[in-house]
Amino acid sequence: MAQSAPSQHTLAPTIDSRAVLAWYDRHARDLPWRVAPADRARGARPDPYRVWLSEIMLQQTTIAAVRKYFAAFTTLWPTVRDLAAAPLDDVLVQWAGLGYYARARNLHACARAVVERFDGVFPTSAAQLRDLPGIGDYTSAAIAAICHDEQVAVVDGNVDRVLARFRALEKAVREEKPLIRAAVQAAVPARAGDFAQAMMDLGATICAPRRANCLLCPLEPDCLGARSGHPLAYPVPPAKAEKPRRHGHAFIIRHPEGKVFVRQRGPKGLLAKMTEIPGSPWQEDEAEPAFPFAADWRAVGAVTHTFTHFHLALSVWMARGDHPLDEGWWADETRLDNEALPSLFRKVLAAAGIS
DNA sequence: CAGCCGTGGGC
DNA sequence: TGCCCAAGGCT
């Protein structure tokens, strides 16, 4: 045992969870679904319903966008029982504009499952949470850690980035998942919830995608990315796919009494079960409008919108009259907040001066 | 398991 | 302006 351990410079560094927690004790952000570390130290624990709701909303979505939706949901539905008792259509109306609408459908299904299978009390373990709709590896671990200090690795996009830099990983994050998970798991302290939130906050505020504030980072002393002098080189970006452009037409039917005709989209695919303005199919090639009925159709504008995997350009047409289509209903122009209208169709209406 | 699934803000 | 990005999950 005479030989000392190899130099730290050649060893994969380990996460100093005490330094991370010390940083979090000073810099934890105040969020409506969060219990401050000082209060947690006194035994306070967050409401699993609020943590779950916030985690679903925060999937691929910024805190700034989530805030007002979280406030609206918790005001309308203070408990999981209240949410489970609501009609799905009401939930979709409240979710409209937040995107990734499968989350809202799964949210509602999950609330009902918690009521039916667990008598309205969220299960506490990550393994049980993982079986509920809309709750995957990340969200199950996050809820269990934050609410119950289960010592599980909570790995989201922020943590992937922090670890990619900390270990100067040369392969794409997707290929390093097992290593990242193991490295985080090995560092999880008793204060698992604070640690999970700390690592994510670190990624969001210090070790950000286009900026690394290494001077402020509690992991900097051991960080291989910082030592390399170019931490932003990590993680190596995945190959980006081309986004095709699609074209279509939207047909606004404007009733004399200040209403517009809307209908519900199909149960599957893009914007499933949401409310839409009628229109043509969206295709790669531009096509002449096929109006749903003969009328004085006027071009009133154009809308561009980018979805996750394609760009869309819509020509907007309007006709005045009380001519309904087969399926759908008249929506009061002054009550559009009561409709589950995705942002795309709010843009369509705005192009016609309706909002 | 790679593709699908929204949106608004920052640069 | 156009591109990148954000606390993922489902199939």
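Computed over heavy atoms, backbone and side chain alike; hydrogens, waters and symmetry mates excluded. A, B, ... follow the sequence lines: proteins, then strands. Residue 1 opens every chain. What you see is a predicted model, and the numbers here were worked out from it, not measured in a lab.
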Given atom [atom1] of [X] and atom [atom2] of [N], what is their separation to the nearest angstrom?
| X | N | atom1 | atom2 | answer |
| --- | --- | --- | --- | --- |
| L232(A) | dC5(C) | CG | P | 12 Å |
| K240(A) | dG2(C) | NZ | P | 16 Å |
| K243(A) | dT7(B) | NZ | P | 12 Å |
| D131(A) | dC10(C) | CG | C1' | 15 Å |
| K273(A) | dG6(B) | NZ | P | 13 Å |
| L58(A) | dT7(B) | CG | P | 17 Å |
| Q60(A) | dG9(B) | CD | C1' | 15 Å |
| L270(A) | dT7(B) | CG | P | 8 Å |

Which heavy atom of [X] sits nearest a heavy atom of [Y], and at what distance?
| X | Y | value |
| --- | --- | --- |
| W33(A) | V51(A) | O-CG2, 3.9 Å |
| A153(A) | Q185(A) | N-OE1, 3.1 Å |
| L83(A) | H108(A) | O-CD2, 3.8 Å |

Assert yes or no for the condition that the ring centre distance of Y49(A) to W77(A) is strictly below 6.0 Å.
no
Would you confirm whether the ring centroid of F307(A) sits within less than 6.0 angstrom of the ring centroid of F310(A)?
yes
Could you check whether [X] gets within reach of a base, just the sugar-phosphate, or nothing at all, counting any heavy atom under 4.0 Å?
| X | value |
| --- | --- |
| G269(A) | sugar-phosphate |
| L312(A) | nothing |
| I63(A) | base |
| S54(A) | nothing |
| R34(A) | base |

Which residues in residues 166-187 of chain A have at least one heavy atom lying under 4.0 Å from any atom of DNA chain C?
none
Contact list please: residues 340-355 of chain A against DNA chain C, heavy atoms, distance less than 4.0 Å, in numerical order.
none
May I have the step-by-step check of side-chain hydrogen bond (donor to acceptor under 3.5 Å, both in side chains) for T275(A) and Q264(A), ending in yes or no?
CA-CA 5 Å; T275(A) 301; Q264(A) 188 179 40; over 6 Å; no
The answer to which of P133(A) and E55(A) contacts DNA chain C further toward the 5' end, by nearest nucleotide, is E55(A)
Nearest to the side chain of [X] - [options]?
| X | options | answer |
| --- | --- | --- |
| R210(A) | dC10(C), dG8(C), dG9(B) | dG9(B) |
| Y100(A) | dA6(C), dC5(B), dC10(C) | dC5(B) |
| P209(A) | dA6(C), dG6(B), dG8(C) | dA6(C) |
| Y101(A) | dT7(B), dG8(C), dC5(B) | dT7(B) |
| R161(A) | dC5(B), dG8(C), dA6(C) | dA6(C) |

Aromatic plane relationship, W330(A) with F261(A) - under 30° parallel, 30 to 60° tilted, over 60° perpendicular
perpendicular
Using 30° and 60° as the class limits, which term best fits the ring planes of W297(A) and F291(A): parallel, tilted or perpendicular?
parallel
Hey, does the side chain of [X] come within less than 4.0 Å of [N]'s phosphate (OP1/OP2), counting only N and O?
| X | N | result |
| --- | --- | --- |
| H309(A) | dC5(B) | yes |
| H305(A) | dT7(B) | yes |
| T62(A) | dG8(B) | no |

Do E150(A) and S125(A) pair up side chain to side chain, a donor and an acceptor below 3.5 Å, judged on atom types alone?
no
Do NZ/NE/NH1/NH2 and the carboxylate oxygens of K273(A) and D89(A) come within less than 4.0 Å?
no
Would E276(A) and R263(A) pass as an ion pair if we require N to O under 4.0 Å?
yes
Distance, P atom - from dC4(B) to dG8(B), rounded to whole angstrom
22 Å
Using the P atoms only, state how far dG6(B) lies from dT11(C), rounded to an integer number of Å.
14 Å
Can you find a donor-acceptor N/O pair under 3.5 angstrom joining the side chain of T61(A) to the base of dG6(B)?
yes
